[in-house]
Amino acid sequence: MKYDFKKIEAKWQKVWQKEKVYEPDIKKAKKPFYNLMMFPYPSAEGLHVGNAYAFIGSDIYGRFQRMKGNGVFEPIGLDGFGIHSENYAIKIGAHPAEQAQISQKRFYKQLESIGNGFSWNEKLETYDPAYYKWTQWIFIQLFRRGLAYRKKQPVNWCPSCKTVLADEQVLQRQRANSKGQVATGGVCERCDAKVIKKELEQWFFKITNYAEKLLKNINPPASGGLDWSDKVKIAQRNWIGKSEGAEIDFEVKTKEEPNFALLHGYGGSPSGDFFPWLKKEIEKHGYKVQLPLLPHSDKSRASEKEDMEFLWKKVKFDKNTTIVAHSLGSVVALKALEKLKYPIRKLVLVGGSLEPKFKDHERPFSKTFGWKFNYNKIKTNAGKIIILHDSNDSIIPRDQAVKLSDALDGELIEVSANRTHFNASEEPSILECALDKIAVFTTRPDTLFGATYMVLAPEHPLIENLESRIQNLAEVKKYIRKAKKKSDEDRIAEGKEKTGVKLKGIKAVNPANGKELPVWIADYVLTGYGTGAIMAVPAHDERDFEFAKKYKLPITQVVAPYFFADKGKDAIRKDKKTIRRKTAYSFLWDRESSRYLCLDWEKFGWHSGIIGGVEENEDYVKAAKREIIEETGYSNIKFVKYLGKEVHNHFFAAHKDVNRYAVGRGMLFEITGNKKEAVSPDDMKNHKPVWIEADKMKDWLNLGNFKYMWEVLESGKECFVGNGVIVNSGKFDGLDSEKAKWEITKFVGGKRKTQYRLRDWLISRQRYWGPPIPMIYCEECKKQAQNYADRTQTNADKFPRKSALSQRKSAFSKGELGNPGWIAVPENKLPVKLPFVKDFRPRGTGKSPLATVKSFYETKCPKCGAKARRETDVSDTFLDSAWYFLRYPSVKIPNSGTKSEIPWNREITRRWLPVDMYIGGAEHSVLHLLYSRFLTMFFKDVELVDFDEPFSKFRAHGLLIKEGAKMSKSKGNVVNPDEYVKNFGADTLRMYLMFLAPFEQGGDFRDAGIVGVKRFLDRVWRFYHNANDAKQYANDAKELDRLLHQTIKKVTGDIEGLSYNTAISALMILLNEMEKSQKSLVISHLSVFLKLLAPFAPHLSEEIWRNVLGHRTSIHLEQWPKYNPKMLKAETFTLVIQINGKVRDTMEAPTGIGKEEAEKLAMGGEKIKNIVESGKIKKIIYVPGRLINIVI
RNA sequence: GCCGAAGUGGUGAAACCUGGCAAACACGCAACACUCAAAAUGUUGUGGGCGCAAGCCCUUGCGGGUUCAAAUCCCGCCUUCGGCACCA
């Protein structure tokens, strides 16, 4: 009988579907096991063999788990919404909606043909409105809770295709520029044009809110944590990129110094509240302060006229004036600004109010201070405006502060004052607002004293505020414009060379030492990270060093490499005193022979360069020169360069019998002639000069400081980024730099801060083929929302809930308040269906093609009914796939048991999730998995699920290549699985793919190899048809039994570890043996082998199981064989006999023998006897059950 | 530059976690059997060198170390592949 795989495979695929072999009872399944494989995005070219490879590997695992008695759920679906599918449609000139239907059909057919045990009942497609309805719903949930927001952000733009590109569509290319520097740059996937940046306003998800949790959960306590491969965990950890450091404020100084006018409040005075303190603090900075006693301090006299007349007469305002006004003083300040004929520098309103509405206060003001203002006038005159509000203010309600900031377009800063309404005698937040500051994030606050300049990102907001005081504004603006538009291609032209422009007229003050620093803007500082500004410490940061060198900025060392002997012969001795000495270290170079003159301190075991003390009237170079001549005699020498900066070395100097603390510098000298002086024998006493070859230096030198200097010489890296001892930092000198970090931070009033590299998730795509973002923009609601807008994010929750304001606030969700004008589509109006647009191709406008469909975007505001406009962007494909695993089990089950409709059934979700085994491509180990984890955490927080990690176990499959090269259409080496299914059968293809290499490693598909597996299956087929009467034979074959049990053990373990290749090889070995010993077969051998084979070759094994062995039910529902540990052991083993670790003989020995018996056995052999006789036995090692090693 | 993975026959690979006969299992190749012949199938052989042979020597990218014993553990280097890339 012939193995007719075509017939067999088609037959069983149908039967399986009919018998629902692979469909667990979703509601009741016992031991539910969710076996998930990342769903593919389909193209009409059909299933790639890489997809097949991954799916088969996942399926084998699922089948194995099913036979282990689990209710396995193995769903399948298509990720056909999004950019990949759209691009494919563009390429072949089809419409994605129509193409999706064609691709879907083909894909499902192909997926069926490879024989996977899918639950076909639960399939889903991301472009199905029934699915993306929920994708939109999820967007709305995030929006409501303030986790979806709008922000301007540069996007990738292809000027040739005139379209926005997703990051994945930008290919990184390495190119060399004209200078020969190599850099990478982005080019368009489709047309190869250089990609530039363009700014657009987009939707983002605040994944950064979960940064810490995303990081922490990766490395959970042993109890039920994430079983993921380390590689993926590390990749995620790097992506999140946590770093701890400090935020430190630098004060900004301009040529024209500011002066201050402090205006107290009602009933206050220059000696009340924080005013005396504030005046003193500002004066400390050397600025002039005016602090008048205003007429309104006397309640009865409060009036506009009087206050104003007083101000004009007594207080001087100019363009450098900063007004700080407290409480009712704010009203006076505003009126003054309205009348002023020129703008001032800055206005700080502390606990101020727009209208004379003071809570719980008697109000003589209504008549005297019921003023009206011309806000536009005030805005232009006030310069920068800051509204400082105390979140616990008992006098000024918060809505007043919000209104004030709205009316004036001011920056609202909400803090917790030391006393309510800023009534304490010291209020540091006021000082911070009054002075101009640049906040900086650094992980090295210990190097603060070495900050010699400051750099702002080109987009830094402060630049705008300082505009009037920047003397080279035109140049600066030009740089900013260029930087913003800068494409990666431009970067290539520049190499990685840093560029920047100095802000002339602007200085910053180093808070550690009060020194004035120049301020630069440069695009090597990124807007999106930290505060968008850095303190530059060129001596200890390579980037800053490079920049400082290019622009000739000062470099100050503040950390010295520190070498401290705490053990060994040079260890500090407590009984000796420590002598500090300035020391010159040098290497003398002989260019011709490429050797260096060093010192060998034979008695002390030191290998060093030339060492010498620096005398009072000498500098390092002079001292080194003198020392070289004294100690080596060479006098024709020339100084070449310093090797790094100061180095500290603390050790016990045996030759002088003291502890020495040497502070020194390394230098390189070169020999210029062969003149040599005599060296006094006294100088030769402790050490003698030796010449060392350049390539030996690294190994020869054995003192830390010299090793370091040699490294500097070799690498040319003068910048020291390591830890060490603090120098040039005032009272912190001598401290360990690691310890100094937080002491210096504290000293300058900095804050400890944790930064993450992770950025918020950009959701908007200006494309067609995706779920429309379910948002509507309404001008009417914008005004409403702004009135109550919560401008501050930090203290929003502190605000008392019971107040009338918060009740009114509840009319708007957090998202609506944070994004005034944006209203979510009501849930019962979902889905927002993607309209059919004939010309769906991306436009050159930076807008989605949906923006051309009037009937789509013209709508009414669901909140107020006014005319409104729908969002026309669609969401990122990653959003579709970030939650599909939650949907699968609930696809066919309408939700139940919950009040409001949600995308999944809670009970079923509880039963099936988290996913027990998730297999997918390594290329998704960062983004897809991170996004899925983020959404799951969010769902947990809003109580939609009760777990916060979606995938308990994840493994990445390897990449399948063809004949040693990546498969690609341009190479014409793409393998079409259909062909192989047709020619060899699905079972053969399955086994071949898995046999190639470990599943997690990936394999090399070579046509030649597949026949081996085909032969194997042919042999299985023939074997079973010939061995039909095996049951006649007695069970007398111990050897075969043992192999059978060993194979069960091996295959079981290998499948668990995804080592399918070795599992298959074990099956081959077993078949070989069974064929050889047909006579000793029993029926149990036949079933066991077949069951072990079943996950790999499901059709063949099913056919034999039912039609040859005569079973009625599917083999795939059978119990997985168990091995008997007792059956694994043999009665004899091969004793390996080694002489000196080399195998000389082997012999069969009974399993349990001890050392003596083994020895006797070994010596018994002629061969061994001969060898042993020639020498004396030193030692005998016996490894029970394995070998004996005789050492002679 | 940083992070990660990997280097073993003509080829895919196994043994690496847990040190103990390196190359399992397959492909390919060679010879033989069956055949008029071929295909298919089967049998045998197949890391390299020396040898008629028994046997001996060498061999897991390179160099060192630990050990009775190293592909396996440790240190240093080289090469290839993958990811990130001015993250202060």
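The shown structure was predicted, so the numbers you read here are calculated from the model rather than taken from an experiment. Reminder, nothing fancy here: chain letters follow the sequence lines and each chain counts from 1.
Between the side chains of A/Thr499 and A/Tyr479, at least one donor N or O lies within less than 3.5 Å of an accepting N or O. Defined by atom type and a distance below 3.5 Å, a donor-acceptor pair is present between the side-chain atoms of A/Glu1148 and A/Thr1134. Using modelled atom types and a 3.5 Å distance limit, the side chains of A/Asp1007 and A/Tyr980 yield a donor-acceptor pair. Inspection of the A/Tyr1060 and A/Ser1065 side chains reveals no N or O donor paired with an N or O acceptor under 3.5 Å.
Within the 4.0 angstrom heavy-atom criterion, only backbone atoms of the sugar-phosphate kind lie near A/Lys1142; the bases stay farther away. Within 4.0 Å (heavy atoms only), A/Val1013 reaches no atom of the nucleic acid at all. Looking at heavy-atom distances under 4.0 Å, A/Ile1069 makes contact with sugar-phosphate atoms alone, never a base. A/Ile1181 comes within 4.0 angstrom of a nucleotide base, judged by non-hydrogen atoms across all strands. Here A/Ile234 lies in heavy-atom contact (under 4.0 Å) with sugar-phosphate atoms only. Heavy atoms of A/Asp544 sit nowhere under 4.0 angstrom from any nucleic acid atom. At the heavy-atom level, A/Asp230 lies nowhere under 4.0 Å from the strands shown.
Look at B/G9: its glycosidic torsion is within 90° of 0, and that puts it in the syn range.
For the pair A/Lys498 and A/Tyr524, the cation sits on the ring face: its NZ or CZ lies under 6.0 Å from the ring centre, inside 45° of the axis.
With rounding to whole Å, A/Leu1070 atom CG is found 18 Å from B/A24 atom P. Distance CG (A/Leu1071) to C1' (B/A24): 16 Å, rounded to an integer number of Å.
For the pair A/Gln1001 and A/Val1183, nearest-nucleotide mapping onto RNA chain B gives the more 5' position to A/Gln1001. Residues A/Lys1179 and A/Tyr529 each lie close to RNA chain B; by heavy-atom proximity, the contact nearer the 5' end of the strand is made by A/Lys1179.
Not one side-chain nitrogen or oxygen of A/Ser925 sits closer than 4.0 Å to the OP1 or OP2 atom of B/G83. A close approach under 4.0 Å does occur between a side-chain nitrogen or oxygen of A/Arg1144 and OP1 or OP2 of B/C57.
On the C1' atoms, B/U46 is 15 Å away from B/C25, given to the nearest whole Å.
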